[in-house]
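Structure record follows, encoded as structure tokens.
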Amino acid sequence: MIDIKLLRENPQLFKDGAKAKRFDVNIDTLLDLDSKILSARQMLQDIVTEKNRIGKEIPKLQPLEKQSVLAELGKLKEKEAALNDELKHIQPEFDALMLEVPQPPSPEVPLGLDDTENVEWYKRGEVRTFDFEPKDHMQLGQALDMIDMERGVKLAGTRNYFLKGDGAILHRAVMNFAMDFMISRGYTPMIVPLLMRNEAMRGTGYFPGSEEQTYQMERDELNLVGTAEVPLTAYYMNEMLTEKQLPVKFVAMSSCFRREAGAAGKDTYGLYRIHQFDKVEQVIIGENDEQKSIQYHQEILSNSEAVLQALGLPYRVVNVCSGDLGRGQVQKFDIETWMPSRKSYGETHSASRFYEFQARRLNLKYKTEQKKNVFCHTLNNTVIASPRVLIPIMELYQNADGSITIPTVLRPYMGGRERIEPKQ
RNA sequence: GGAGGAGUGACCGAGCGGCUGAAGGUGACGGUCUUGAAAACCGUUGUACCGAAAGGUACCGGGGGUUCGAAUCCCUCCUCCUCCGCCA
């Protein structure tokens with residue numbers, strides 16, 4: 001959520017921001033509602049002040065005097081009720097609109113309509129060329145009995161799968177490696193609840209907007225999270241931290257659930273776009289300081305790069321363009337990892353910086369050394385998401401004989417083995 | 001799932017229709033004293049909104065109601081605790 005005071009001062013900034021992000025929100029209506037609310041509240045306040053003054057005198061009055069004073073009060077109450085009634089209509093309208101106003105993007109964000117206009121920042125790692133006909137991850141997965149898509153679909157519908165045998169082992173190895181790596185960098189490991197109240201979904205910016213993308217447990221009014229960002233970022237919701245506590249750095253491993261509504265027919269092959277996956281996610285809750293936020297953004301980006309480098313995967317970092325940014329994001333860097341079967345880089349990570357946007361919705365504040373109360377800043381990034389990352393691992397590490405070499409950093413997590421080989 | 005009990009400021013805890021934004025204590029901060037520290041003593045110590053300010057308004061788990069007036073009474077939701085049942 002944005003600061004209404006900033007909006008009053010500079011509506012054009014927010015109109016331009018919304019336009020660049022391709023969000024449709026009526027700022028003028030919002031400002032109009034705002035001024036109506038302000039004047040109604042001012043009048044209401046004056047009435048209540050008067051009421052309170054009269055109310056205090058009542059116990060001192062003679063019974064006869066009381067009658068006329070009570071009559072006077074009655075008139076005030078009528079006015080009060082009318083104003084309250086007006087507010088009751090306007091306020092929810094205002095609140096709903098406020099939730100829709102996008103955070104304007106940083107000046108460094110390239111203007112663009114969609115992900116095709118994201119700007120490549122830099123590349124790392126060598127893209128492997130094969131001297132044999134490489135298999136894709138599904139062919140490898142079947143041959144090595146690591147992936148069973150058919151039975152996943154049989155039991156749970158499209159975009160569902162089983163990881164089996166070495167597939168399950170490799171998946172766990174990747175997750176555990178990433179988790180241990182982040183713990184070694186000082187992040188606090190968390191196991192988090194995956195069913196979240198609407199409040200937490202709204203607070204992190206997913207609602208309103210992503211209801212269609214979310215599995216909602218309507219009977220219990222709970223939502224299956226699409227990322228551990230939600231419980232981690234909302235962890236201190238409605239709390240007041242102290243400056244000394246900051247920055248808070250969390251890392252969590254969790255399952256993630258996404259309906260992929262609107263993606264019908266897109267990326268239907270293999271393990272790329274699926275309804276359920278596991279992810280190690282990093283979140284920073286930091287000070288209300290844009291320069292520090294920018295530093296933290298670099299930090300979470302380089303954490304993930306270090307993981308990819310350790311795994312020996314070639315990737316590129318892209319500066320996500322305005323039209324591809326979410327409502328709350330100030331700036332976002334995606335990391336895309338080379339996937340031979342797609343003959344392209346595919347998104348594996350997404351590093352976002354929000355400034356106050358989420359903290360305002362979450363009512364997440366801290367007390368500064370100067371005893372002022374301000375909103376925190378929040379950021380998050382993927383550390384690793386599997387099985388999507390198994391696509392480049394399996395495909396890039398495959399050998400001509402059909403086996404897969406295990407990346408060295410994963411070997412300790414796989415009983416010291418060097419290869420995944422077909423069973424005899 | 002059934003039966004009871006409870007939610008007050010950073011924390012503990014009093015209040016149970018007007019004198020209460022809220023006693024008392026703890027903690028924190030400032031000061032006196034001291035070579036320094038401790039102890040003791042004195043003082044300060046909530047958030048949001050409107051306002052240039054003075055000041056005003058709201059908030060005692062959330063929402064709604066009764067009343068001229070609610071932290072105090074009623075309804076509802078949430079949370080926690082105790083006992084019983086069930087269970088990985």
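Chain A is the first sequence line, chain B the second, and so forth, proteins listed ahead of strands; every chain is numbered from 1. A quick note: this is a predicted structure, and the numbers were derived from the prediction, not measured.
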- Between B:G63 (C1') and A:K88 (NZ): distance, integer Å: 11 Å
- Task: For B:C59 versus B:A22, give the span between their C1' atoms, rounded off to a whole number of Å.
- Result: 12 Å
- Any idea which of B:C78, B:C49, B:C68 is nearest the A:R197 side chain? B:C78
- Item | Distance, rounded to the nearest Å, where A:K365 contributes NZ and B:A10 contributes P | 12 Å
- Task: Kindly state whether the ring of A:H297 and the ring of A:F333 have centres lying under 6.0 angstrom apart.
- Result: yes
- Message: Suppose you measure atom C1' in B:A14 against the same atom in B:G63; what distance do you get, rounded to whole Å?
- Response: 27 Å
- Task: Indicate the atoms forming the closest heavy-atom contact of A:Y296 with A:E287, along with that distance.
- Result: OH-OE1, 2.8 Å
- What's the CE-C1' distance between A:M240 and B:A48, to the nearest Å? 10 Å
- Message: Work out how far the C1' atom of B:C73 is from that of B:A3, and round it to whole angstrom.
- Response: 25 Å
- Which whole-number value in Å describes the distance from A:E199 CD to B:G63 C1'? 13 Å
- Task: Sort out for me which residue in A:E418, A:R419, A:E421 forms a side chain to side chain donor-acceptor pair (under 3.5 Å) with A:S403.
- Result: A:R419
- Item | Inter-nucleotide P distance (B:U79, B:G65), Å rounded | 23 Å
- salt bridge (charged side-chain N to carboxylate O under 4.0 Å, His left out) between A:D267 and A:R342: does it pass, once the steps are laid out? CA-CA 10 Å; A:D267 306 314; A:R342 294 171 71 88; 3.3 Å; yes
- Nearest non-hydrogen partners of A:G270 and A:M149, listed with the distance: O-CE, 3.5 Å
- With the side chain of A:N373 defined as its heavy atoms from C-beta on, choose the nearest nucleotide among B:G65, B:U47, B:C49. B:U47
- Query: Of the non-hydrogen atoms in A:S106 and A:R353, which two are nearest, and what is the gap between them?
  - Reply: CB-NH2, 3.7 Å
- Pairing stems for RNA chain B [at least three consecutive pairs; Watson-Crick or G-U; under 3.5 angstrom]: B:1-7 with B:78-84, B:10-12 with B:24-26, B:27-32 with B:40-45, B:46-50 with B:55-59, B:61-65 with B:73-77
- A:R41 has its side chain closest, among B:G69, B:G65, B:C49, to B:C49
- Message: If I pick the C1' atom on B:G15 and the same atom on B:G25, what distance separates them, to the nearest angstrom?
- Response: 15 Å
- Rounded to whole angstrom, note down the C1' distance from B:U47 over to B:C42. 28 Å
- Query: Are A:F250 and A:Y187 close enough that their ring centers fall under 6.0 Å?
  - Reply: no
- In whole Å, what is the span from the CG atom of A:L87 to the P atom of B:G64? 12 Å
- Spacing of the P atoms in B:G21 and B:A70 (rounded, Å): 11 Å
- Query: Looking at A:L271 and A:P387, what are the two nearest heavy atoms and their distance?
  - Reply: CD1-CB, 3.7 Å
- Query: Across the strands shown, which category fits A:R360 at heavy-atom distances under 4.0 angstrom: base, sugar-phosphate, nothing?
  - Reply: nothing
- Specify the closest pair of heavy atoms between A:V109 and A:V330, including all atoms of both residues, with the distance to one decimal. CG2-O, 3.4 Å
- Should A:E347 and A:R388 be marked as a side chain to side chain contact (heavy atoms under 4.5 Å, CB included) after you check the CA-CA gap, both sets of side-chain angles, and the distance that decides it? CA-CA 9 Å; A:E347 180 185 331; A:R388 187 177 278 191; 4.1 Å; yes
- Query: How far, in whole Å, is B:C81 from B:A28 if one measures between their C1' atoms?
  - Reply: 30 Å
- Task: Specify the closest pair of heavy atoms between A:R327 and A:K21, including all atoms of both residues, with the distance to one decimal.
- Result: O-NZ, 2.9 Å
- Query: For A:K77 and B:G69, is the shortest distance between a side-chain N/O and OP1 or OP2 below 4.0 Å?
  - Reply: yes
Check: protein-nucleotides 55-59 of chain B nitrogen or oxygen pairs below 3.5 Å:
| unit_1 | atom_1 | unit_2 | atom_2 | d |
| --- | --- | --- | --- | --- |
| B:G56 | O3' | A:T49 | OG1 | 3.3 |
| B:G56 | O2' | A:Q45 | NE2 | 3.2 |
| B:G56 | O2' | A:T49 | OG1 | 2.8 |
| B:G56 | N2 | A:Q45 | OE1 | 2.9 |
| B:G56 | N2 | A:Q45 | NE2 | 3.4 |
| B:G56 | N3 | A:Q45 | NE2 | 2.8 |
| B:U57 | OP1 | A:N52 | ND2 | 3.0 |

- Separation of A:F94 atom CZ from B:C49 atom P, in whole Å? 12 Å
- Query: Within the structure shown, what part of the strands sits under 4.0 Å from A:L44 by heavy-atom distance: base, sugar-phosphate, or nothing?
  - Reply: nothing
- Between A:K5 (NZ) and B:G51 (C1'), how many Å, whole number? 12 Å
- Message: Please report the distance, rounded to the nearest Å, between NZ in A:K372 and P in B:G46.
- Response: 17 Å
